[in-house]
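Working notes for the structure below.
Order of the sequence lines fixes the chain letters, A, B, ..., with proteins taken first and strands second; residue numbering starts at 1 for each chain. Since this is a predicted model, take the numbers as computed values, not measurements.
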Number of protein chains: 2
Amino acid sequence: MRRPQSAPPFPAPGHDHGPCVKETLARAAEAFEANGLRLTPLRRRVLEEVAASHHAIGAYEILERLARKETTRMAPISVYRALEALLDAGVVHRLESRNAYFACHARHDHSGARRIVLACERCATVAEVAAPVAFDAIDGAASDAGFRSTRALVEVAGLCTACAAAA
Amino acid sequence: MRRPQSAPPFPAPGHDHGPCVKETLARAAEAFEANGLRLTPLRRRVLEEVAASHHAIGAYEILERLARKETTRMAPISVYRALEALLDAGVVHRLESRNAYFACHARHDHSGARRIVLACERCATVAEVAAPVAFDAIDGAASDAGFRSTRALVEVAGLCTACAAAA
DNA sequence: ACCGATAGGAAACAATGTAACACTATCCGC
DNA sequence: GCGGATAGTGTTACATTGTTTCCTATCGGT
């Protein structure tokens, strides 16, 4: 059975992105609230930049974009601190293989984070999908090797639906 | 069936490391030869540093260790170029989640590279194991999402046999 | 001898990420 | 309301990781 997706992981090319951002911000507010933390203006601005697309974006790119909008240029550390808070809150993830950050566009459980990341090599769009079988197999292989795994990172490069069709 | 390993992926704590290095160097010479390239002194020295342990090591750490041995300090670019050649030859891999490099201590097929990387959080030892089921599951999940995958990166953090026993 | 491919030295730079310290804001218990 | 604890931010400087550019050398084939 081809497990159906409630929402397609890759957004349609010309989709209305407004709701994506809005929902992400709402989830962020919720997540911070739930941990007794605050979605401050700084964190909100950083999150807005990250969530502005379905691409992974570098920390300095965020810095650059905010600087263009805001007349004052903040220090890198400010962006990194905001990113850390957003990562902890689970509303932003890090694409390790590219040292970049992307917004989590779905309301899922991130304790455990057993989701794989798909990154399109052509359009740079990033999506996450659940893959329990894959993680079970990874844990099994690790365990067979006498390894007690605590966290598995899976990042897949390839072509998203639209780019595969275009190619 | 618990697929048996010809050699245990994690070396015994006090194992004789000499043969590991020797075999890795031999495989490197072979791999370069096969591609019409050369295992030059520089590349050999860099490889020796990487292969000196079963840990992942940073490029600048390699630079540092060579500088200590050699009176002359080379430029970072030299190490990076050597590493690139070694990566291409498949005798060194990169631990993406830590921006570090480790020697491949087994003679396996690198076209495709469907192996997962296990990195001990306590002793920093790195090992690779085959996990065809995991990669099949990853490809399946990607494909279900309409993603055509070309390369999957799997890095697992946890505790190796020895460290799990010690903990 | 000459050519193209391979290899590497030197200097500067680019990109990514942190440490240390000072300060303000907010919340909570009394 | 006061005082301490925690959370959040600014500023400066620094650390780590990786690259661009230009030039020189070496090797193998013709």
Side-chain angles (χ1 to χ4, degrees), chain A residues 28-50 55-67 70-89 91-102 124 155, chain B residues 28-50 55-67 70-89 91-102 124 155:
Chain A
E30 221 176 89
F32 277 104
E33 171 77 16
N35 293 316
L37 303 179
R38 280 165 291 161
L39 179 55
T40 61
L42 172 58
R43 291 170 180 175
R44 167 181 287 267
R45 273 163 16 229
V46 169
L47 177 55
E48 280 169 353
E49 292 306 323
V50 176
H55 298 185
I57 180 180
Y60 278 74
E61 175 70 22
I62 296 169
L63 187 60
E64 195 56 42
R65 292 187 187 188
L66 288 176
E70 293 185 2
T71 71
T72 70
R73 167 178 288 267
M74 70 181 70
I77 185 69
S78 295
V79 173
Y80 280 104
R81 284 197 284 225
L83 281 173
E84 188 185 2
L86 294 165
L87 288 165
D88 287 348
V91 290
V92 161
H93 303 309
R94 185 181 151 89
L95 188 57
E96 297 287 346
S97 54
R98 297 207 203 153
N99 300 331
Y101 307 83
F102 62 97
E155 291 178 0
Chain B
E30 221 176 89
F32 277 102
E33 170 78 14
N35 293 316
L37 302 180
R38 281 165 288 164
L39 178 56
T40 60
L42 172 59
R43 290 171 180 174
R44 166 181 286 267
R45 273 165 14 228
V46 168
L47 177 55
E48 280 169 353
E49 291 307 324
V50 177
H55 298 185
I57 180 180
Y60 278 73
E61 175 70 22
I62 295 168
L63 188 59
E64 195 56 42
R65 293 188 185 187
L66 288 177
E70 294 186 2
T71 71
T72 70
R73 174 179 215 88
M74 69 182 69
I77 184 65
S78 294
V79 171
Y80 280 104
R81 283 198 284 227
L83 280 173
E84 188 185 1
L86 295 166
L87 288 166
D88 287 349
V91 290
V92 162
H93 302 312
R94 185 182 151 88
L95 189 57
E96 298 288 345
S97 54
R98 300 208 201 151
N99 301 330
Y101 306 84
F102 61 96
E155 291 177 1

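- With Val92(B) as the fixed residue, the side-chain contact (heavy atoms from CB on, under 4.5 Å) test singles out one of Leu47(B), Val46(B), Ile57(B): Leu47(B).
- Scanning DNA chain D 5' to 3' for nucleotides with an atom closer than 4.0 angstrom to a non-hydrogen atom of chain B gives a first and last hit of dT17(D) to dC27(D).
- More than 12 heavy atoms of other residues, nucleotides or ligands lie within 6.0 Å of CD in Glu64(A), so this atom counts as buried by the packing criterion.
- Side-chain contact between Phe32(A) and Leu86(A) is present, with at least one heavy-atom pair separated by less than 4.5 Å.
- One can place CD of Glu61(A) at 16 Å from P of dA14(C), the figure rounded to the nearest angstrom.
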Would Asp88(B) and Leu37(B) count as a side-chain contact (heavy atoms from CB on, under 4.5 Å) here? Give the steps.
CA-CA 11 Å; Asp88(B) 287 349; Leu37(B) 302 180; over 6 Å; no
Please list each protein N or O that sits under 3.5 Å from an N or O in nucleotides 4-12 of chain C, with the distance.
{"from": "dA7(C)", "atom 1": "OP1", "to": "Arg38(B)", "atom 2": "N", "distance (Å)": "2.8"}
{"from": "dA7(C)", "atom 1": "OP1", "to": "Arg43(B)", "atom 2": "NH1", "distance (Å)": "2.8"}
{"from": "dA7(C)", "atom 1": "OP2", "to": "Arg43(B)", "atom 2": "NH2", "distance (Å)": "3.2"}
{"from": "dA7(C)", "atom 1": "O5'", "to": "Arg43(B)", "atom 2": "NH2", "distance (Å)": "3.2"}
{"from": "dG8(C)", "atom 1": "OP1", "to": "Thr40(B)", "atom 2": "OG1", "distance (Å)": "2.3"}
{"from": "dG8(C)", "atom 1": "OP2", "to": "Arg43(B)", "atom 2": "NE", "distance (Å)": "3.2"}
{"from": "dG9(C)", "atom 1": "OP2", "to": "Ser78(B)", "atom 2": "OG", "distance (Å)": "3.0"}
{"from": "dG9(C)", "atom 1": "N7", "to": "Arg81(B)", "atom 2": "NH2", "distance (Å)": "2.6"}
{"from": "dG9(C)", "atom 1": "O6", "to": "Arg81(B)", "atom 2": "NH1", "distance (Å)": "3.3"}
{"from": "dG9(C)", "atom 1": "O6", "to": "Arg81(B)", "atom 2": "NH2", "distance (Å)": "3.4"}

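- Considering only heavy atoms from C-beta on, Val50(A) stays 4.5 Å or farther from Val91(A) through its side chain.
- By the 5.5 Å and 30° criteria, Tyr60(A) is stacked with the base of dT16(C).
- No side-chain heavy atom of Leu42(A) sits less than 4.5 Å from a side-chain heavy atom of Arg81(A).
- Taking the C1' atoms of five terminal pairs at each end of the helix from dA1(C)-dT30(D) to dC30(C)-dG1(D), the two resulting helix axes are inclined by 30°, rounded to 10°.
- Nucleotide dC27(C) holds its P atom 10 Å from the CD atom of Glu33(A), rounded to whole Å.
- Between the side chain of Glu49(A) and the backbone N or O of Leu66(A) there is no donor-acceptor pair closer than 3.5 Å.
- A donor-acceptor pair is defined here as one N or O able to donate and one able to accept, closer than 3.5 Å; such a pair exists between the side chain of Arg43(A) and the backbone of Arg38(A).
- As a whole-Å value, the separation of Tyr80(B) OH from dT16(C) C1' is 11 Å.
- To the nearest 0.5 angstrom, Leu95(B) atom CG is 9.5 Å from Glu96(A) atom CD.
- Between Arg45(B) and Glu70(B), some side-chain heavy-atom pair lies under the 4.5 Å cut-off.
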